[in-house]
> 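First the structure, which I've put down as structure tokens, then a few questions once you've had a look.
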Amino acid sequence: MKDVISLGVLGGILTSMIRLATPFLYAAIGETFAQTSGVVNLGVDGIMLLSAYGAFYVALNTGNLWLALLTAAAIGLLMGLLMSFISVTLKAEQGISGIGLYMFGLGMSSLLFKITIGTVKTIDGFQPVRIPLLGDIPGIGPILFDHSLPVYGAFLLVPIAWWVLDKTTLGLKIKSVGQNPAAADSLGINVDRIRYFSVCLGAVLAGLAGASLSTALVDLFQDNLTAGQGFIAVALVYFGGWNPWGVMGGAFLFSIVNSIQLWMQVIGVKIPSDVAVMLPYLLTIAALMITVNRVRQPAALNKPFERGES
Amino acid sequence: MKNKSLLIFGLLLIALLVNACGTPAAAPAAQKQIKIAVIMPSATNDMAFSQSMWSALQSVQKDMGGESALQIAYTDNLFNVPDAAAAIRDYASKGFDIVIAHGSQYGSSVQDIAPDFPNTTFAWGTDVNTFGMKNVYAYTAAAEQGGYVNGVLAAKLTKSKIIGVTGPVEVGDAKTYIDGFVQGVASVDPTIKVNKTWTGSFSDVALMTAAAKTHIQAGADILTGSSQSVVGSIGAAKDAGNVLWFGTQADQASLAPNLVVASQVYDWTAMLKDMIAKRQAGTLGGTVYTLTLSNGGLKIAYNPGYNLPADVKAAGDAAIKGIQDGSITVNP
């Protein structure tokens, strides 16, 4: 039992939590922008997959990791434009088009992987960068400040997203088209343009989420690499009440329970493995039940805007 | 509105089409050509279970003289059983001679479909149940045997006396491999700690990576495990730089040429050739194949890139020999 609470174990749990949370942060913060503007994008996982593939392919062939990130962002942007075109310009049912986008990303990444790479290969991805001074703090220094750049990026994203959404005119516009697009429209805000922007920004971040997996966290690509993480990211947006800090809380909760259950298995705590792997999901659902009525979702979520209809 | 719905429908169709692109179109049939179709739960290039069957089929095709003698069709990534069942029925009704359902989750589908196609040979695994049908083969691998050998080698090589096992789901050959591995380790030194984790998924690479990193933080200097998601564990071992890896199902040396010590390789070639020969002689099924070290279906592939000390290799070879001649029994 002494093992269970030792500092080393605690550090290990926090380190894996931070790593596990990284793709969720990118994807869920991105989805927060899209949903705040009134568009549910269920295609996050598909965007992550295609971008993860694209980033990996570029990194494998050029060795340039920054070019890999750029590729992922570009793929995200293209898929974001497609999603916006379908859901904003054509005003199609968002759920269906998102699922379509997911299936496209899943199938296309798998097909391209088979044609262009063929088998599982690994790359030298982003290496950990220890931040001077902070990284030397005994105990928490190596836990918090010895990660790769995409991991730091994910954590920087949270305050930036909060600031943009809560403190800037742009954020106000995004919120207003998500709450009451007709009113926003009457005040001269271009609803479609704001939604295009928010969905595309979200998709670019989903692209980076995929790239963080394939070039920083696991350094490889495989069929269905994300294993549904994009859908968990969408759930985290609801969980976090459309607030970047809340989303981060959700990502942490899900990841820390996952990392605790792995440690429990490693140190031989006697629980069936099936129960252990269920824990993150069970706890997230439980937490969701407690918090579900805390905040109201954007009033125009999932509703296409047609000028003069409402 | 109608145009938009059409467009969405079109996009969905494209998405579906791209998804279905894994299946190559059937080539025109030649005379006496044998046609084999295989349904796999993961990708043909997964470095694990599906790849082991895929490589075997390709090697049999080569030995038989190419596409004109043996036509192979496949559908991979069919983890979903209802989709797989539809594919199995599809291939059977298209006149394929042998339909291989390469996954233990496909059993009930084979049981359901095989009676409708009495002239088609069905094979499925890993399992040992032919449902008493004359046109069904079952096949399995005695994964615990190679697990035992890997365990002996690992026990000889560990310095920290801690070994990490990253498993997917506690079933089938994932479980028997690890059971054998634990017995192999214990046969050398019962004080070595073998920590086990299960991620609950055959495909979650990110979680598998986290599991492997957890083992390494807990002091493990050797890792092993199975399923297509272990590429994540191998990546974690590579990241650490000094953690060794033991593979199973397929030869995984190419993933970390300096760190993979040995892999247990499933070689289905002899089984497939036997099935084809029996079919040509008029037998469509009814028996169970088990890959073992004795019948050559299981092989231990030492990685030439890893400099294995001679005494350790000797211990591994002795374990192989012991299992082959029956002086060592490994319980699945």
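The figures that follow rest on heavy atoms only: side chains count, while hydrogens, waters and symmetry mates do not. Every chain is numbered from 1, with letters handed out A, B, ... down the list of sequences.
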> In terms of heavy-atom proximity below 4.5 Å to chain A, should Gln51(B) be classed as side chain, backbone, both, or neither?
side chain
> Under a 4.5 Å heavy-atom cut-off, does chain B meet the side chain of Leu217(A), its backbone, both or neither?
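Answer is backbone: N, CA, C or O of Leu217(A) sit under 4.5 Å from chain B.
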> How many angstroms lie between CG in Leu220(A) and NZ in Lys238(B), if you round to the nearest 0.5 Å?
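Between Leu220(A) CG and Lys238(B) NZ, I get 9.0 Å after rounding to 0.5 Å.
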> Any side-chain heavy atom of Val266(A) within less than 4.5 Å of one from Gln217(B)?
no
> So, taking the atom named OG in Ser273(A) and the one named NZ in Lys196(B), what distance separates them when rounded to the nearest 0.5 Å?
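Between Ser273(A) OG and Lys196(B) NZ, I get 10.0 Å after rounding to 0.5 Å.
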> About how many Å separate NZ of Lys213(B) and CG of Leu262(A), when rounded to the nearest 0.5 Å?
13.0 Å
> Nearest 0.5 Å, please: how far is CG in Asn45(B) from CD in Gln222(A)?
8.0 Å
> Please classify the contact between Ser259(A) and chain B as side chain, backbone, both or neither, with a heavy-atom cut-off of under 4.5 Å.
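Neither part.
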> Using a strict 4.0 Å threshold on nitrogen-to-oxygen distance, state whether Asp76(B) and Lys114(A) make a salt bridge.
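Judged by the 4.0 Å cut-off on N to carboxylate O distance, Asp76(B) and Lys114(A) do form a salt bridge.
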> Okay, side chain of Asn195(B), backbone of Ile267(A): is any donor-acceptor separation there less than 3.5 Å?
no
> Taking all heavy atoms of Ala206(B) and all of Leu20(A), pick out the closest pair and write down the distance.
O-CD2, 4.2 Å
> Would you mind telling me which of Leu213(A), Thr15(A), Val218(A) has the largest number of heavy-atom pairs within less than 4.5 Å of chain B?
Val218(A)
> Given Asp239(B) and Asp219(A), is the side-chain contact (heavy atoms from CB on, under 4.5 Å) satisfied, shown in steps?
CA-CA 9 Å; Asp239(B) 258 8; Asp219(A) 296 346; 3.9 Å; yes
> Looking at CG of Asp204(B) and CD of Gln229(A), how far apart are the two atoms once the value is rounded to the nearest 0.5 Å?
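Nearest 0.5 Å value for the CG-CD distance: 6.0 Å.
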> Would you check if there is a donor-acceptor pair between the side chains of Asp223(A) and Asn77(B) at a distance under 3.5 Å?
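Distance-only check passes for Asn77(B) and Asp223(A).
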> Identify the heavy atoms of Thr214(B) and Ser16(A) that sit nearest to each other, and give their distance.
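Nearest pair, atom of Thr214(B) first, then Ser16(A): OG1-OG, 4.3 Å.
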> Please tell me if the side chains of Val120(A) and Leu255(B) come closer than 4.5 Å, counting only heavy atoms from C-beta onward.
yes
> What part of Gln127(A) is in contact with chain B, defined as an atom under 4.5 angstrom from a non-hydrogen atom: side chain, backbone, both or neither?
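For Gln127(A), there is no contact with chain B at all, as no heavy atom is under 4.5 Å.
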> Nearest 0.5 Å please: distance from the CG atom of Leu225(A) over to the OG atom of Ser229(B).
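That separation rounds to 11.0 Å.
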